[in-house]
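Numbers here are sequence positions counted from 1.
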Amino acid sequence: MASLSADLFHDILKRLDAAALARAGCACADFRAISNEEDLWENACTSLWPSTGLDDVRSLIVSVGGFRKFYADCFTLILNKDVPVVQTNETNPFAEEWAESDYYYGDMDELENSQPSDFVSLIDVWYKDRALYSKVIWGIPNSDGANGWFYNCPFRIDLFHHSAENNETNNGEVFLSTISDLPSVPSMEQERKDGKLWRELNDGIKLSWIIVNRKMKRAVNLTSWHPLGGQRHWPTDTDFVLRFGSVLPAKEVLPCQVAECILLMKFRMTSMGSEEAGEPSTLALTELSMQIEDMGGVHLNGRCSLLLLKEALSCHRSRNYDEVLESCNLYLKAQSELKEEKIRSECRFDTLCIVSGITIFAAICTMCYRKFENV
């Protein structure tokens with residue numbers, strides 16, 4: 001090892017991915033010194049996230065601490081186990097409807113470090129480890145004006161509809177086909193029966209949505225890498241929706257103390273194809289969006305969403321995907337229990353109204369009967 005030059009060490013290490021590069025840095029002092037070089041981490045990040053290869057993005061990453069720090073912040077995923085337990089009783093506070101004033105406890109001063117223009121989104125989509133789509137969004141679309149509609153209206157970033165120059169993307173520029181190892185679909189009736197295409201999408205599609213705050217100089221990956229769920233044939237037979245996301249801490253913002261960042265991806269079958277004719281089946285990526293909801297399913301506004309994104313930049317994270325998936329499932333379970341408790345509460349209220357109505361009607365009838373007897 002001592003006879004090898006530093007240039008040869010560098011050439012060896014630049015062929016490694018980021019995880020292997022980090023392990024190599026623990027092997028010996030020479031590897032450790034070279035593995036700290038930024039160009040190696042830049043190469044590793046660009047290989048993993050093609051969106052980081054643009055010149056303006058490179059300057060952004062350097063300004064927030066460099067590529068090594070960026071990888072450490074964004075390869076790990078948000079881990080939130082502080083999901084409140086839903087109490088199944090009549091005094092359960094989570095079963096009540098929350099007013100807008102309940103959602104936001106601070107004031108506008110807290111948004112000084114969370115202006116929409118400070119956020120940058122780096123989005124990358126893969127299919128079976130092949131880069132499918134990359135996009136960089138500077139700022140949050142349509143959020144001009146500190147006192148405008150953005151802060152009070154439902155928060156949403158729609159990748160294919162947020163500006164006029166991206167309208168052509170919605171016409172199907174991003175494709176998946178049997179040429180990309182997508183299974184052929186002879187008919188939608190057959191797909192409804194065996195779900196082969198649906199399973200391939202769930203297993204093969206991977207998403208990264210990184211948020212960088214230029215003022216706070218921090219970054220976080222809001223996705224779950226792999227889908228958490230989805231819907232087949234919705235809203236039409238040819239549509240497939242995949243849902244990614246993460247559980248965000250919201251102790252100082254929401255009564256339920258947690259919220260879910262939901263990332264939706266929709267594919268539409270544009271061509272069935274034919275194996276006999278050698279024509280590939282084709283799917284087009286038609287939607288990729290972000291929104292944030294509380295545990296009750298309420299779509300949060302821009303003000304609350306910016307605060308949650310700010311909190312996410314400094315929240316706990318983990319490299320253990322199974323642990324992250326477990327925390328997401330814990331949230332979904334609690335959300336399901338909350339919905340069931342709300343239904344039970346509504347049933348109890350309906351029953352009470354019916355009993356009260358019958359009692360009042362019976363009382364009125366009794367009074368009328370007695371009055372008639374007295375006459």
For this session: Evaluate side-chain hydrogen bond (donor to acceptor under 3.5 Å, both in side chains) for Trp49 paired with Ser208, printing each intermediate quantity in order.
Result: CA-CA 8 Å; Trp49 297 292; Ser208 171; 3.1 Å; yes
Exercise. Would Asn213 and Val64 satisfy side-chain contact (heavy atoms from CB on, under 4.5 Å), going step by step from the backbone distance to the final call?
Worked result: CA-CA 8 Å; Asn213 189 293; Val64 299; over 6 Å; no
Exercise. Is there a side-chain contact (heavy atoms from CB on, under 4.5 Å) between Thr366 and Cys368 once you walk through the steps?
Worked result: CA-CA 5 Å; Thr366 302; Cys368 292; over 6 Å; no
For this session: Please lay out, stage by stage, how Glu191 and Met269 fare under the test side-chain contact (heavy atoms from CB on, under 4.5 Å).
Result: CA-CA 11 Å; Glu191 168 60 22; Met269 179 69 69; over 6 Å; no
For this session: Start with the C-alpha distance between Asn301 and Tyr151, add both sets of side-chain angles, then the distance that settles side-chain contact (heavy atoms from CB on, under 4.5 Å), and finish with yes or no.
Result: CA-CA 6 Å; Asn301 60 26; Tyr151 288 97; over 6 Å; no
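Heavy-atom neighbours of Asp56 CG from other residues, nucleotides or ligands within 6.0 Å: above the threshold of 12.
Panel note: side chain Ser143, backbone Gly139; no donor-acceptor pair is recorded below 3.5 Å.
Atom CG in Asn80 sits 10.0 Å away from atom CD in Gln257 (nearest 0.5 Å). The structure places CG of Leu288 at 8.5 Å from CZ of Phe267, a figure rounded to the nearest 0.5 Å. Distance check, rounded to the nearest 0.5 Å: CG of Asp158 to CD1 of Ile137 gives 9.0 Å. In this structure, CD on Glu326 lies 10.5 Å from SG on Cys328, to the nearest 0.5 angstrom. One distance of note links CD1 of Ile354 with OG1 of Thr359; it measures 11.5 Å at 0.5 Å rounding. The structure places CH2 of Trp209 at 9.5 Å from OG1 of Thr223, a figure rounded to the nearest 0.5 Å.
The distance between the ring centers of Trp234 and Phe240 does not fall below 6.0 angstrom. For an aromatic pair to be called close, the ring centres must be under 6.0 Å apart, and His226 with Phe244 fails this. Between Phe155 and His299, the gap from one ring centroid to the other reaches at least 6.0 Å.
Leu306 places a side-chain heavy atom less than 4.5 Å from the side chain of Pro116. Residues Tyr321 and Leu77 are in side-chain contact: their nearest non-hydrogen atoms beyond the backbone lie under 4.5 Å apart. Side-chain contact between Arg218 and Asp73 is absent, with no heavy atoms from C-beta onward closer than 4.5 Å. At least one side-chain heavy atom of Leu254 sits under 4.5 Å from a side-chain heavy atom of Leu300. Counting heavy atoms from C-beta on, the side chains of Leu48 and Cys45 never come closer than 4.5 Å. Within the 4.5 Å cutoff, the side chain of Trp138 has no heavy atoms near those of the Val212 side chain. Side-chain contact check for Leu228 versus Leu242: every heavy-atom pair is 4.5 Å or farther apart. Taking the side chain as every heavy atom from C-beta outward, Asn221 and Ile78 never approach each other to under 4.5 Å.
Nearest approach of Leu285 to Lys266, heavy atoms of both residues: CD1-O, 3.5 Å. The minimum heavy-atom distance linking Trp225 with Cys74 is given by the pair CZ2-O, 4.3 Å. Nearest heavy-atom pair across Ala219 and Arg317 is O-NH1, 2.9 Å. Nearest heavy atom pair, residue Cys261 against residue Leu248, reads CB-CD1, 3.9 Å. Smallest separation of non-hydrogen atoms from Ser289 and Arg156: OG-NH2, 3.3 Å. Taking every heavy atom of both residues into account, Ile292 and Ser305 meet most closely at CD1-CB, 3.9 Å.
Contact check on Glu42 versus Arg58 returns a salt bridge, with a Lys/Arg side-chain nitrogen under 4.0 Å from an Asp/Glu carboxylate oxygen. Using a 4.0 Å cut-off between charged side-chain N and carboxylate O, Asp194 and Arg199 make no salt bridge. By the 4.0 Å N-to-carboxylate-O rule, Glu260 lies close enough to Arg243 to be salt-bridged with it. Here Asp118 does not pair with Arg214 in a salt bridge; the nearest charged N to carboxylate O distance is not below 4.0 Å. Under 4.0 Å is where a charged nitrogen must lie from a carboxylate oxygen, and between Lys128 and Glu200 at least one such pair does.
Side-chain contact annotation: Asn43 with Thr46, donor-acceptor N/O pair under 3.5 Å absent. A donor atom on one side chain and an acceptor atom on the other are found under 3.5 Å apart for Asp124 and Ser51.
Clustering ILVMFWY residues whenever any of their side-chain heavy atoms sit less than 4.5 angstrom apart, transitively, puts Val125 in a cluster other than the one holding Leu264. With hydrophobic clusters built from ILVMFWY side chains whose heavy atoms lie under 4.5 angstrom apart, Met265 does not share a cluster with Val241. Leu222 and Ile262 end up in different hydrophobic clusters when Ile, Leu, Val, Met, Phe, Trp and Tyr side chains are linked at under 4.5 Å.
Under the 30°/60° scheme for interplanar angles, the aromatic rings of Phe67 and Phe70 are found to stand perpendicular.
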